[in-house]
Protein chains: 2
Amino acid sequence: MSDTPESGTRSRTRRAILGAAASVLARDRGATLADIAEAAQVGRSTLHRYFPDRKVLVDAAVADSFRVVERSTAEAAIDQGPPLEAMRRLIAAMVDVGDRLAFLFGDPRVLEEAGCSEPDPFEPDPSVPTTIGLIERGQAEGVFDPELGAEWIQQVLWALVYTGWEAAEKGQLPRHGVTSTVIRTFENGVVTRKR
Amino acid sequence: MSDTPESGTRSRTRRAILGAAASVLARDRGATLADIAEAAQVGRSTLHRYFPDRKVLVDAAVADSFRVVERSTAEAAIDQGPPLEAMRRLIAAMVDVGDRLAFLFGDPRVLEEAGCSEPDPFEPDPSVPTTIGLIERGQAEGVFDPELGAEWIQQVLWALVYTGWEAAEKGQLPRHGVTSTVIRTFENGVVTRKR
DNA sequence: TGTTTTTGAGACACCGAAGTCTCATTATGG
DNA sequence: CCATAATGAGACTTCGGTGTCTCAAAAACA
């Protein structure tokens, strides 16, 4: 239980590896540990020194990305204000951490059950506002389509953010336009409607 | 050029392998050739007999899935009738071949450029109606949001169909409800609107 | 500067999947 | 029913990624 605070150098190296892992694996699952080490500008030995084996690394990267996404989405304060506004803030926050999200999105285990603002399949902390909560609130207020399941809407949210990130990644969409495009699509779909 | 028509048995086996490959790889890239062989109810030797190495198999499976998707979407006759109706038929057709689509969707090479009704990055056949064509027609007629890029709308289409397939796969959505849910979401997004 | 920490390069064994081959067994079709 | 086509099981080799270890160089720190 007496965890030495870890030197500044070490924690910096650790973060570099975790970030590289998320980034590389987001673009290519099945990437090699050597690939990740290279992206982190670190020797393969060093990587193994911090993370004994692949599983440990991926687990840590998942947990880390969760924290990053959580931090970002927490700032969106999705339990505050009108659901529509809150959702827009949430989408912006998600796009901001697109690569982390893409990584999590691509991981089979995480993909299973996806509560966005809660740490994994742990028991949901009632004090932390969830995406599902926001969606249900919006449905209750008649803002979000009540005929669609809340989980479905959440899946769509993830899918659209991911698609936006991917489009930007491929240069099909300008970085700065992703958020507004995703929001517009998420809210209205693709069909033109009067008012 | 003199390709022997191939015996009925052989072509049946070949199809079984290709189908199994698409199905298995859709759910798990990185699946083993042994996994695929098992799913195809075929010995690993037989698989290698038909497809010398993994690359050849995957390439063939991609091409085959393309044909399947193409066949299905061709029946939707997306160049006929009102764009909205045509799009609904297209979505239904895509959902019908969801696993093939999921397989293609998950393949890095195919994911690059995605003309849906044309055979790969080959030069587009002007006689074959494309998804992009349908979208642009819809935009011209004012049915689809003209402020969204046609490619973006296509990406969204794929993403939603994929998400729907995945939801059904996980039992989150009943099979029979996928098409209508995807259509509804695609057209209107998730926000409730007056008329 | 001297000491300790941290690192990178390389050598090595290990393991699982891929690919090759043989041979006996089972279908298929004339 | 026989000849041939097709298959499956298994033995075997190859190959690439993984994980372990050593040692000298570089960086951090006091």
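Order of the sequence lines fixes the chain letters, A, B, ..., with proteins taken first and strands second; residue numbering starts at 1 for each chain.
One atom, NE2 of A/H48, and another, C1' of D/dT20, lie 9 Å apart when rounded to the nearest Å. Rounded to whole Å, the distance from CD on B/Q41 to P on D/dG8 is 10 Å. Distance, A/R29 CZ to D/dG17 P: 19 Å, rounded to whole Å. For the pair A/F51 CZ and D/dT18 C1', the interatomic distance rounds to 16 Å; values are reported in whole Å. With rounding to whole Å, B/L47 atom CG is found 12 Å from C/dT20 atom P. Between the NZ atom of A/K55 and the C1' atom of D/dG19 there is a distance of 16 Å, given to the nearest Å. Rounded to a whole Å, the CG atom of B/L33 is 17 Å from the P atom of D/dC15. Atoms CG (A/D35) and P (D/dG16) sit 14 Å apart, rounded to a whole Å.
The nearest heavy atom of DNA chain D to A/R49 and to A/A34 marks one nucleotide each, and the one closer to the 5' end goes with A/A34. Comparing B/P52 and B/T9 by the nucleotide of DNA chain C whose heavy atom lies nearest to each, the residue mapping closer to the 5' end is B/P52. Comparing A/R12 and B/V42 against DNA chain D, the residue whose closest nucleotide sits nearer the 5' end is B/V42.
Environment of CD in A/E141: crowded, with over 12 heavy atoms of neighbouring residues, nucleotides or ligands closer than 6.0 Å. Taking a 6.0 Å sphere around CD of A/E38, one finds it holds 12 or fewer heavy atoms contributed by other residues, nucleotides or ligands.
No side-chain heavy atom of B/N188 sits under 4.5 Å from any side-chain heavy atom of A/D145.
Rounded to the nearest 0.5 Å, atoms CZ (A/R137) and CE (A/M87) are 9.5 Å apart.
Comparing C/dT7, D/dT18, D/dT7 by their closest approach to the side chain of A/T46 singles out C/dT7. Side-chain proximity of B/D53 to D/dG19, C/dG19, C/dA18: nearest is C/dG19.
Within the 4.0 Å cut-off from OP1 or OP2 of D/dA6, not a single side-chain nitrogen or oxygen of B/Y50 is found. Residue B/R10 places at least one side-chain N or O closer than 4.0 Å to OP1 or OP2 of D/dA6.
Base engagement by A/S45 is indicated by at least one non-hydrogen atom pair under 4.0 Å involving a base atom.
Defined by atom type and a distance below 3.5 Å, a donor-acceptor pair is missing between the side-chain atoms of A/R184 and A/S180.
You won't find any donor-acceptor pair under 3.5 Å spanning the side chain of A/R44 and the base of D/dG17, going by distance alone.
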